[in-house]
Amino acid sequence: MKALDRAKAYSWPHGQIATYVREKYRVSSWWSQTVTVGYERIKGLRAIGQRRDGSFEVSKSKTLPVPLAGCMPGTLVVVGFIPRGNQKSQVTLSHGKLPIALPSPA
C-alpha cells in the first residue's frame, strides 16, 4: 500500500498499476493482477466484483481432470436465466456429456 501510494498508483489505470507491480517487484502477471485488484479495493477504487470501468462481473471456475480437447468435442454447455422474485435472478451454467465422471462436491 505505502509503496503504491508513494508512486501515486491510485491515480493510474488498472493496467499501469499491474505493469508497475510486475516490473518493479518481479512477480508473475497473476500476482501483479491480484495485488492490483486488492490495492484498488482498499483504496475504494472498486468494489468486490467490480471492474475499473464501473461494470460488475461474476465468475466461477472448476478444474476438470481431463485434457482440454476432452472438454469440448461433443460436450454440451447450457446457460440459463431464472427469475427469483421481482428483484432477483439466478444464472446457471451446466456442462454436460463430459467423457468422465466428476467427484460430487463436498
**Q** Using side-chain heavy atoms (C-beta onward) and a distance below 4.5 Å, is R84 in contact with I82?
**A**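 They are in contact (side-chain heavy atoms under 4.5 Å apart), so the answer is yes.
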**Q** Mind listing the closest non-hydrogen atom pair of L64 and C71 along with its distance?
**A**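 Minimum heavy-atom separation between L64 and C71: CD1-SG, 3.6 Å.
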**Q** Applying the 4.5 Å side-chain criterion to the ILVMFWY set and letting contacts propagate, would L76 and F81 be lumped into a single cluster?
**A**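 No, separate clusters.
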**Q** Which heavy-atom pair separates S32 from A18 by the least distance, and what is that distance?
**A**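 So the two residues come closest at CB-O, 3.4 Å.
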**Q** Between the main-chain N or O of V37 and the side-chain N or O of H14, is there a donor-acceptor pair closer than 3.5 Å?
**A**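 No; zero donor-acceptor contacts below 3.5 Å.
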**Q** State, to 0.1 Å, how close F56 and A47 come at their nearest heavy-atom pair, and which atoms those are.
**A**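 Of all heavy-atom pairs spanning F56 and A47, the closest is CE2-CB, 4.2 Å.
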**Q** Hey, does V58 have a side-chain heavy atom less than 4.5 Å from the side chain of V91?
**A**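 Of all side-chain heavy-atom pairs linking V58 with V91, none is under 4.5 Å.
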**Q** Would you mind reporting whether D5 and Y39 have side-chain heavy atoms less than 4.5 Å apart?
**A**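 Yes - at least one pair of side-chain heavy atoms lies under 4.5 Å apart.
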**Q** Could you state the interatomic distance from NZ (K8) to CD1 (I17), rounded to the nearest 0.5 Å?
**A**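 These two atoms lie 14.5 Å from each other.
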**Q** Which atoms form the tightest heavy-atom contact between R22 and S29, and what is the distance?
**A**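 Shortest heavy-atom contact: CD-OG, 3.5 Å.
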**Q** At what distance, to the nearest 0.5 angstrom, does CG of L45 lie from OG1 of T36?
**A**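 If we round to the nearest 0.5 Å, L45:CG and T36:OG1 are 11.0 Å apart.
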**Q** Quick one: do V78 and L93 end up in the same hydrophobic cluster if we chain Ile, Leu, Val, Met, Phe, Trp and Tyr together by side-chain heavy atoms under 4.5 Å apart?
**A**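 Cluster IDs for V78 and L93 differ.
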**Q** Taking the side chain as C-beta and beyond, is there a heavy-atom pair between Q33 and S28 under 4.5 Å?
**A**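 The answer is no; the side chains never approach within 4.5 Å.
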**Q** Would you say W31 and T34 make side-chain contact, with heavy atoms under 4.5 Å?
**A**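 Contact flag for W31/T34 side chains = yes.
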**Q** Which distance, rounded to the nearest 0.5 Å, do you find between the NZ of K43 and the CZ of R41?
**A**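 Answer rounded to 0.5 Å: 16.0 Å.
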**Q** State yes or no: do V77 and V66 share one hydrophobic cluster built from I, L, V, M, F, W and Y residues joined by side-chain heavy-atom distances below 4.5 Å, directly or via other members?
**A**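 In one cluster: no.
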**Q** Taking the side chain from T19 and the backbone from Q16, do they hold a donor-acceptor pair closer than 3.5 Å?
**A**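 Pair absent, no side-chain N/O of T19 close to backbone of Q16.
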**Q** Counting distance only, does the side-chain N/O of S55 pair as donor-acceptor with the main-chain N or O of R51 below 3.5 Å?
**A**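 Side chain of S55 to backbone of R51: no pair is present.
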